Engineer: 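Here it is, the structure, as structure tokens.
Labels below follow one simple rule: chain letters A, B, ... track the order of the sequence lines, proteins then strands, and each chain is numbered from 1. These figures come from a predicted structure and were not determined experimentally.
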Amino acid sequence: MPEGPTIVLMKEDLQKFVGEKVIEVSGSEVPENSEIKGEILREIKTFGKQTYLIFDKIIFKVHLMMFGSYSLYKRKDIDTLRLGLAFKDGGMYFYTCVVKVIDESFLLKIDWEADIMSDKWNPEKTEQTLKAAPKMMICDALMNQDIFSGVGNIIKNEALFRVGIHPESLNGNLPPKKLKEIIAEARNYGFDFKKWKKANVLSKHFQIYHQKNCPICGAEVTNKDSGKSKRMSFFCENDQKLY
DNA sequence: GCGAATGTTTCCCG
DNA sequence: CCGGGAAACATTCG
């Protein structure tokens with residue numbers, strides 16, 4: 001379910017509870033003896049695919065992994081409730097996900113400039129990071145959450161297609177112009193992803209991801225596990241150049 | 001019903 | 001000690 005843009009949408013959904021007091025707590029990941037009841041949700045932050053729920057006495061880190069989901073009401077059809085927080089007029093419920101309690105120092109160590117969806121996103125720094133790893137494949141760089149936080153396999157494939165770069169190209173072989181292009185496109189596609197996801201039309205806009213034929217030349221789309229991350233890449237041999 | 005999939009961490013082995 | 005590989009988690013969809 002989640003890549004960075006989906007998590008940003010989730011945050012927008014949950015934002016209305018910020019400033020409200022917790023009335024009831026539930027879920028398998030609620031720590032013993034924690035006094036969350038009565039606490040006020042101070043802030044919600046996201047970093048890539050992670051979400052932080054910040055209270056005075058406790059901070060939760062939520063990661064939906066591959067199959068996680070959330071709802072604003074308690075779903076009875078799912079028995080893997082990890083964390084549920086009820087407020088006066090509704091609540092937030094996280095299922096099948098990883099929930100951890102962290103402390104403030106954890107938040108201070110986060111490099112917010114690496115988040116493709118953030119206002120703090122820093123393309124120049126990303127360029128330097130990629131240049132410093134010339135033998136890394138661009139597909140691995142994109143999936144690396146320390147470099148392109150929030151990018152998942154969909155964004156990786158679609159962004160690479162848009163700029164005509166083969167997923168197995170090495171960072172160091174990319175001409176400066178192409179390097180800048182893919183960095184810009186990772187974020188740009190992230191916002192298209194968000195817009196389409198919100199309108200429930202995301203998969204309609206896939207050009208290469210799980211597609212049969214290239215929309216440019218009509219050739220059959222190649223798919224193979226690529227890079228160290230061994231995640232499926234979808235690409236067109238004709239229209240995406242291997243650098 | 002099988003297999004794959006928008007993800008990450010951990011463990012085992014050479 | 002390091003890197004690679006597989007396993008683990010667990011749900012939905014085709």
Engineer: According to the interplanar angle, ranging from 0 to 90°, do the rings of A/Phe87 and A/Phe17 count as parallel (below 30°), tilted (30 to 60°) or perpendicular (above 60°)?
Structural biologist: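 Geometry flag for A/Phe17 against A/Phe87: parallel rings.
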Engineer: B/dT8, B/dA5, C/dT12: which one has an atom nearest the side-chain heavy atoms of A/Met65?
Structural biologist: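 Closest nucleotide among those given: B/dT8.
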Engineer: Over how many whole Å does the gap from A/Glu29 atom CD to C/dC9 atom P extend?
Structural biologist: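 Roughly 14 Å, once rounded to whole Å.
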Engineer: What is the distance, rounded to the nearest whole Å, between atom CG of A/Asp77 and atom P of C/dT12?
Structural biologist: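 Nearest whole value for this atom pair: 7 Å.
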Engineer: What is the distance from CG of A/Asn144 to P of B/dG7, rounded to the nearest Å?
Structural biologist: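 So the two atoms are 13 Å apart, to the nearest Å.
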Engineer: When you check the phosphate oxygens OP1 and OP2 of B/dG7, does a side-chain N or O of A/Gln145 lie under 4.0 Å from one of them?
Structural biologist: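 The answer is no; no side-chain N or O of A/Gln145 sits under 4.0 Å from OP1 or OP2.
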Engineer: Please state whether the rings of A/Tyr52 and A/Phe106 are parallel, tilted or perpendicular, taking 30° and 60° as the class boundaries.
Structural biologist: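 A/Tyr52 vs A/Phe106 ring planes: tilted.
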Engineer: Could you check which of B/dG7, B/dT6, C/dT12 has an atom nearest any side-chain atom of A/His210?
Structural biologist: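 Of the options given, the side chain of A/His210 lies nearest B/dT6.
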Engineer: What about A/His166 and A/Tyr243, are their ring centers closer than 6.0 Å?
Structural biologist: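 No - the distance between ring centres of A/His166 and A/Tyr243 does not fall below the 6.0 Å cut-off.
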Engineer: Please give the distance between the P atoms of B/dA4 and C/dA6 as a whole number of Å.
Structural biologist: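 My reading of the P atoms in B/dA4 and C/dA6 gives 14 Å.
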Engineer: Find the partner of B/dT6: check Watson-Crick (N1-N3 plus N6-O4 or O6-N4) and G-U wobble (N1-O2, O6-N3) distances, both under 3.5 Å, and reply none if neither fits.
Structural biologist: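 Here B/dT6 is not engaged in any pair, so there is no nucleotide opposite it.
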Engineer: To check you understand the geometry: which heavy-atom pair defines the closest contact between A/Tyr70 and A/Tyr95, and what is its length?
Structural biologist: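 Between these two residues, the closest heavy atoms are CA-CD1, 4.2 Å.
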Engineer: Look at the side chain of A/Thr6 and decide which nucleotide, out of C/dT12, B/dT6, B/dG7, has an atom nearest to it.
Structural biologist: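 From the listed options, B/dT6 comes nearest.
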Engineer: Atom CE in A/Met92, atom OG1 in A/Thr51: separation rounded to 0.5 Å?
Structural biologist: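 Answer for the CE-OG1 pair, A/Met92 versus A/Thr51, is 10.0 Å.
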Engineer: B/dA5 C1' sits how many Å from A/Leu202 CG, rounded?
Structural biologist: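 Taking atom C1' of B/dA5 as the reference, CG of A/Leu202 is at 14 Å.
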Engineer: Starting from P on C/dC9, measure out to NZ on A/Lys100 and report it in whole angstrom.
Structural biologist: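 A/Lys100 atom NZ is separated from C/dC9 atom P by 15 Å.
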Engineer: Do any side-chain nitrogens or oxygens of A/Arg231 fall under 4.0 Å of OP1 or OP2 in B/dT8?
Structural biologist: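 Answer is no, no contact under 4.0 Å.
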Engineer: Could you state the OH-C1' distance from A/Tyr95 to C/dT11, rounded to the nearest angstrom?
Structural biologist: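 Going from OH in A/Tyr95 over to C1' in C/dT11 covers 14 Å.
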Engineer: Using atom CZ of A/Phe148 as one end and atom C1' of B/dT8 as the other, report the distance to the nearest whole Å.
Structural biologist: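 My rounded result for the distance is 19 Å.
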Engineer: OP1, OP2 of B/dT8 versus side-chain N and O of A/His63: anything below 4.0 Å?
Structural biologist: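 So the side-chain polar atoms of A/His63 do come within 4.0 Å of the phosphate oxygens OP1 or OP2 of B/dT8, strictly under.
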Engineer: In whole Å, I'd like the distance from the CG atom of A/Asp146 to the C1' atom of B/dT9.
Structural biologist: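 Whole-Å distance recorded here is 14 Å.
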Engineer: Is A/Thr96 near enough to C/dC9 that one of its side-chain N or O atoms lies under 4.0 angstrom from OP1 or OP2?
Structural biologist: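 For A/Thr96, the contact criterion (side-chain N or O under 4.0 Å from OP1 or OP2 of C/dC9) is not met.
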Engineer: Side-chain N or O of A/Lys49 less than 4.0 angstrom from OP1 or OP2 on B/dT6?
Structural biologist: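 No, A/Lys49 has no side-chain N/O under 4.0 Å of OP1/OP2 on B/dT6.
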